[in-house]
Every structure is written in C-alpha cells, then in structure tokens.
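Structure, as structure tokens:
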Amino acid sequence: MKIKLVELESEMQAAFALRIQVFVLEQSVPEDEELDEYDSTAIHAIAIFNELVVGTARLLIHNSTCGQIGRMAVRKQWRRQNIGGQILSYLEKEASSQGITQIMLHAQEYVKLFYSHHGYVEHGDPFLEAGISHIEMRKDIK
C-alpha cells in the first residue's frame, strides 16, 4: 500500500471516479455537489495498491493555520483495513508541513467514532450536508 499526493491527471481522475462510486452511487449525493470548485485548489492524496486507487481524500487550506480534510473515500472491499486512517495521517503531516496547526472536517455521523479514534473532537451540533447528517470535528496538530 502506498499513500501519496496526486501528481498525474490519471491519478486525479481515478480519485474522482472513486468519489463518484462512494458518494454519488452508494450514498446518493448529487454529482454536482460531490465534485466542486474546491477540487482545483485542494491537495489530494490517494492510496494505491497494485496500481489501483483504493482510497482518497483532500485537504483544503483555509488560512495560515487552519485546514480542512474532506471527501474521504475508500473502495467498499478495502474498508476497515486502516486505509482511511493512513490517508488521514498522511494529510495531517502534509498540513503540518505547510504550517497548519488545526484540522477541521465534516464527519458523517455514522463514522464519527473513526475520527474520534484519530484525535478529532466534536464541535457544535449535527447538520445536514448533501442530505446526510454530519458533525464538525476538529484536531490540533503539530
């Protein structure tokens, strides 16, 4: 398993295809909400196994100290194998290398324990995003 930043157009397209599979086809998120204007400026990471993209997520830099991780997606047959955790850690390190000291994210409520296990703390009340219940979570990083 290799976790890396997206460097090639083919890698970006594979990451987008995985997000479409997970969010649009599995969770019925409208495609125009899934792929958005932030993708062009985001830092994208992928998990690759035998040249197959099996996981992805993106990092948005909001200001000099705050970033946001989102669009975390892992192929169904690869879930619960710590791929999401590896991508999360990778993007946290990338954010830290750019001076970011706090990461926030919008966790789907059914996976908030995953983020809690990685040091994220709930902030505020649940809200709907793309028709799915989410909770904002935050983590201070070094």
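On a predicted model such as this, the values are computed, not experimentally measured, just so you know. One is the number of the first residue; the rest follow in order along the sequence.
In this structure, Leu35 CG and Asp39 CG are separated by 6.0 Å, a value rounded to the nearest 0.5 Å. Atom OG of residue Ser40 and atom CE of residue Met12 lie 10.5 Å apart, to the nearest 0.5 angstrom. How far OG of Ser133 is from OH of Tyr110: 12.0 Å, rounded to the nearest 0.5 Å. The line from CG of Leu113 to OH of Tyr120 is 15.0 Å long, rounded to the nearest 0.5 Å. Taking CD1 of Ile61 as the reference point, atom OG1 of Thr41 lies at 9.5 Å (rounded to 0.5 Å). From Leu91, atom CG reaches atom CG of Leu59 across 5.5 Å, with rounding to the nearest 0.5 Å.
Phe114 is listed as a side-chain neighbour of His118, based on a closest heavy-atom distance under 4.5 Å. Contact check for Val22 versus Val74: no side-chain heavy atoms found under the 4.5 Å cut-off. Arg58 is listed as a side-chain neighbour of Arg19, based on a closest heavy-atom distance under 4.5 Å. In this structure the side chain of Cys66 reaches within 4.5 angstrom of the side chain of Met104, judged on heavy atoms. You'll find the side chain of Tyr115 stays beyond 4.5 Å of the side chain of Ile135, heavy atoms only. With contacts defined as side-chain heavy-atom distances shorter than 4.5 Å, the pair Val121/Met137 does not qualify. Between Met1 and Val54 there is a side-chain heavy-atom pair separated by less than 4.5 Å. Counting heavy atoms from C-beta outward, Ile46 and Ile3 have side chains that stay 4.5 Å or more apart.
By the salt bridge (charged side-chain N to carboxylate O under 4.0 Å, His left out) test, Glu31 is found to be paired with no residue, residues two or more places apart in sequence or in another chain being considered. In this structure, the side chain to side chain contact (heavy atoms under 4.5 Å, CB included) partners of Ala14, at least two apart in sequence or on a different chain, are Val53. For the side chain to side chain donor-acceptor pair (under 3.5 Å) test, residues two or more places apart in sequence or in another chain that qualify with Gln98 are Glu94. Under the side chain to side chain donor-acceptor pair (under 3.5 Å) criterion, Asp140 pairs with Gln102, sequence neighbours left out. Under the rule for a side chain to side chain donor-acceptor pair (under 3.5 Å), the partners of Gln13 that lie at least two apart in sequence or sit in another chain are Glu9. Evaluation of the ring pair (Phe, Tyr, Trp, His ring centres under 6.0 Å) rule for Phe49 yields Trp78 as partners, not counting sequence neighbours. Listed by chain and residue number, Lys112 satisfy the salt bridge (charged side-chain N to carboxylate O under 4.0 Å, His left out) test with Glu109 (two or more places apart in sequence, or in another chain). Take Asn63 and apply the side chain to side chain donor-acceptor pair (under 3.5 Å) test, not counting sequence neighbours, and it matches Thr65. Not counting sequence neighbours, the partners of Ala130 by the side chain to side chain contact (heavy atoms under 4.5 Å, CB included) test are Val29, Glu33.
The environment of CD in Glu37 is crowded: more than 12 heavy-atom neighbours from other residues, nucleotides or ligands sit within 6.0 Å.
For the pair Ala57 and Ile87, the tightest heavy-atom approach, listed with the atom from each and the gap, is CB-CG2, 3.6 Å. Minimum heavy-atom separation, Ile141 to Ala95: CD1-CB, 4.0 Å.
Salt bridge absent: Lys139 and Glu122 never bring a charged side-chain N and a carboxylate O closer than 4.0 Å.
Between the side chain of His44 and the backbone N or O of Leu5, no donor-acceptor pair lies under 3.5 Å. In this structure a side-chain-to-backbone donor-acceptor pair under 3.5 Å is present from Thr56 to Ala45.
A side-chain N or O of His123 and one of Arg138 form a donor-acceptor pair less than 3.5 Å apart. Between the side chains of Gln27 and Gln108, at least one donor-acceptor pair of N or O atoms lies under 3.5 Å.
Sequence neighbours left out, the pairs with a member in residues 66-77 that pass side chain to side chain donor-acceptor pair (under 3.5 Å) are Glu34-Arg71, Asp36-Arg71, His62-Gln68. Counting only residues at least two apart or on different chains, no ring-ring contact (aromatic ring centres under 6.0 Å, His included) pair has a member in residues 1-24.
Apart from Leu60 itself, the hydrophobic cluster it occupies contains Tyr38, where clustering links Ile, Leu, Val, Met, Phe, Trp and Tyr at side-chain heavy-atom distances under 4.5 Å.
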Practice task
Under the salt bridge (Lys or Arg N to Asp or Glu O under 4.0 Å) rule, what do Lys4 and Glu11 come out as? Steps first, then yes or no, please.
Solution key: CA-CA 10 Å; Lys4 66 182 288 294; Glu11 293 171 338; 2.7 Å; yes

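Cluster membership for Met72 and Leu52, using ILVMFWY side-chain heavy atoms within less than 4.5 angstrom, is shared. Ile48 and Ile83 are assigned to two separate hydrophobic clusters, defined by single-linkage of ILVMFWY side chains at heavy-atom distances under 4.5 Å.
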